[in-house]
Amino acid sequence: MERAFRIAVVEDSETQAYKLRLLLEEQGWEVSVAGAAEAALAALGDPLPDLILVDYNLPGMRGDEFCRRIRMNLNTRGIPLLMMTSSAPHTAEIQSLDSGADGYVSKSGNSENLLLRIRALLRKAPAQPAILRPQNSTFRGVRILAIDDSPTYLTFLCEELRNLDYEVECVNSGPEGLARLETQLFDCVLVDLVMKDMDGIEVCRRITSMRSTLKNAPAVIILTASANEGDLNRGLAAGADDFVAKSKDLDVLRARIQALMRRRSFQEENIRIVEELKARELEIINARAGREIAEARAAMAEKLVQALHDLQAVNQKLKETQSQLVQNEKMASLGQLVAGIAHEINNPLAFVMNNLFIVESGLDRLGPELEPYLAEPSLNKFRKVRTRLEEMKEGLGRVKELVRDLRTFSRLDEGEFKTIDVVESIDAVLLLLKHKMSGRIAVEKHFVAERQLYCYAGRLNQVLMNLIANAVDAIAGEGTITIATSRNSEYFLISVRDTGEGIPDAIRSKIFDPFFTTKPVGQGTGLGLAISYGIMQDHGGSIEVQSELGVGTEFTVRIPLNLQSLSEK
């Protein structure tokens with residue numbers, strides 16, 4: 001189905017405009033009417049009309065100036081223009097065509113001729129556009145095929161066209177002209193209406209049927225010495241683009257050829273613009289697709305990076321857990337070893353202390369009976385034996401306290417919550433580290449808080465061992481370690497402060513990282529503080545550090561007081 005073309009009519013006569021509207025709307029076309037050229041120019045917008053019918057004699061701006069304005073505008077110069085007039089003076093026709101009109105019709109002609117001319121101008125551009133050549137305003141370089149069986153007029157026509165700088169091929173029959181079109185490229189065909197072997201209308205019909213196969217579909221102008229309305233209508237219906245009377249004056253023919261070539265140029269340019277827009281749209285689509293692919297790849301890469309980070313974090317957590325398990329196993333083994341040693345020491349210690357009690361009791365009973373009979377030297381020796389027994393008793397008491405402290409440190413129930421004596425735990429750790437202090441480090445104790453604390457017993461011993469051992473290692477020569485306890489409404493606090501060199505700011509944020517250590521190779525694993533930090537997290541508490549270079553470092557352990565209520569839930 002033919003789409004509804006948009007036709008703009010510029011006509012100052014209301015009667016003539018009304019007739020034209022009725023005629024065009026009967027064809028199913030959309031019609032707009034303007035009474036002046038200025039109003040028509042102002043009304044041009046989106047969408048643009050497919051064709052403009054304009055009266056030559058308009059008030060104000062004439063039709064030829066209107067055509068010139070249309071052709072000067074890049075947006076509208078491709079619109080076909082058909083000039084109308086009630087009289088057709090020779091100069092007006094040429095002036096209209098030269099100013100940009102594509103055709104020129106008389107208002108006195110019948111409506112069928114007008115519709116045929118409109119349809120000729122509305123024809124779609126050929127599937128294969130003409131090959132563009134560099135052209136100036138006179139369209140030099142246009143190739144023309146002239147077909148006429150009159151040798152005299154054909155010779156005259158070809159010479160005059162060559163003088164106008166056209167390239168011209170001349171043949172004297174329709175079949176020969178059609179054969180030339182199959183092998184050569186032409187922009188325009190001039191064919192005589194009346195010829196013996198094949199008339200111009202039949203030639204035009206043959207060319208129209210060949211348009212889909214020709215490399216270049218030429219425009220067709222039928223030349224006639226005298227043409228009636230019937231010939232004109234049949235020629236336009238057969239596909240002719242225009243009719244021109246045979247004359248010695250070729251000005252009208254030149255203007256008609258120039259108008260057709262101008263229209264062809266506009267059609268070719270429109271095709272080129274459409275192809276460029278399609279190519280640009282394709283580039284935009286490809287660029288958008290490339291951008292989407294790049295964004296998808298970037299998103300995938302980001303997910304991969306995030307997954308890698310997650311795996312690294314899990315791997316680090318596994319290493320920390322493994323290290324903590326290894327350290328816990330070491331502490332458990334150490335606890336079992338210490339517990340075993342304490343048990344082995346405790347049995348002979350009980351035996352010795354029991355025998356010492358028996359000996360001491362026997363001397364207490366025999367002393368009063370023997371002393372009166374002993375000489376002074378023997379009495380002194382007897383008294384020294386009593387003194388040595390007292391010293392032995394004191395030494396065995398210290399051994400008993402050592403065994404008790406070892407058993408306190410070696411708690412085998414470290415995976416359970418229980419209430420412990422914090423002071424006993426601290427003393428047990430100090431006892432084990434006493435050999436490292438070697439009399440060069442003094443220990444100050446400030447125990448303000450209550451001694452009882454509900455916590456992971458063995459694991460708290462591990463934290464205290466790590467903190468106090470680090471404090472000892474931080475003091476190169478003589479110094480002091482201060483251990484204090486306190487509490488507030490939420491936390492039980494244990495602080496360990498040393499008078500060592502302090503921790504530099506550059507590494508202070510790394511001291512809780514697993515495997516980070518400042519000790520020489522072979523003297524530290526870098527796990528003590530990391531494990532202690534994890535133990536405090538398991539308690540729901542924290543470890544805080546304050547340090548000043550040249551002054552010392554203080555670690556503060558915060559243990560929640562509500563652990564018992566939480567563990568019972």
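These values consider heavy atoms only, across backbone and side chains, with no hydrogens, waters or symmetry-generated copies.
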_Among Val244, Ile147, Leu157, side-chain contact (heavy atoms from CB on, under 4.5 Å) partner for Leu190_ =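 Single pass found, and it is Leu157.
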Non-hydrogen side-chain atoms of [X] and [Y] separated by less than 4.5 Å:
| X | Y | answer |
| --- | --- | --- |
| Leu260 | Val220 | no |
| Thr224 | Asp192 | no |
| Asp148 | Asn172 | no |
| Arg21 | Glu26 | no |

For [X] and [Y], indicate whether the former's side chain and the latter's backbone hold a donor-acceptor pair under 3.5 Å.
| X | Y | answer |
| --- | --- | --- |
| Asn163 | Glu159 | yes |
| Asp199 | Met195 | no |
| Arg162 | Glu167 | no |
| Asp197 | Ser173 | no |
| Glu38 | Met61 | yes |

Give a yes or no on this: more than 12 heavy atoms of other residues, nucleotides or ligands lie within 6.0 Å of atom [atom1] of [X].
| X | atom1 | answer |
| --- | --- | --- |
| Tyr533 | OH | no |
| Glu501 | CD | no |
| Glu276 | CD | yes |
| Glu302 | CD | no |

Would you call [X]-[Y] a salt bridge at under 4.0 Å N-O?
| X | Y | result |
| --- | --- | --- |
| Arg6 | Glu30 | no |
| Glu292 | Arg288 | no |
| Asp242 | Arg256 | yes |

*Side chains of Gln306 and Asp310, donor plus acceptor under 3.5 Å*: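 Yes.
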*Can you list every pair that meets salt bridge (Lys or Arg N to Asp or Glu O under 4.0 Å) and has a residue in residues 61-76, with sequence neighbours left out?*
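Listed by first then second residue: Arg62-Asp64, Glu65-Arg68, Glu65-Arg69, Arg71-Asp102.
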*CG/Asn57 to CG/Asp12 distance, rounded to the nearest 0.5 angstrom?*
8.5 Å
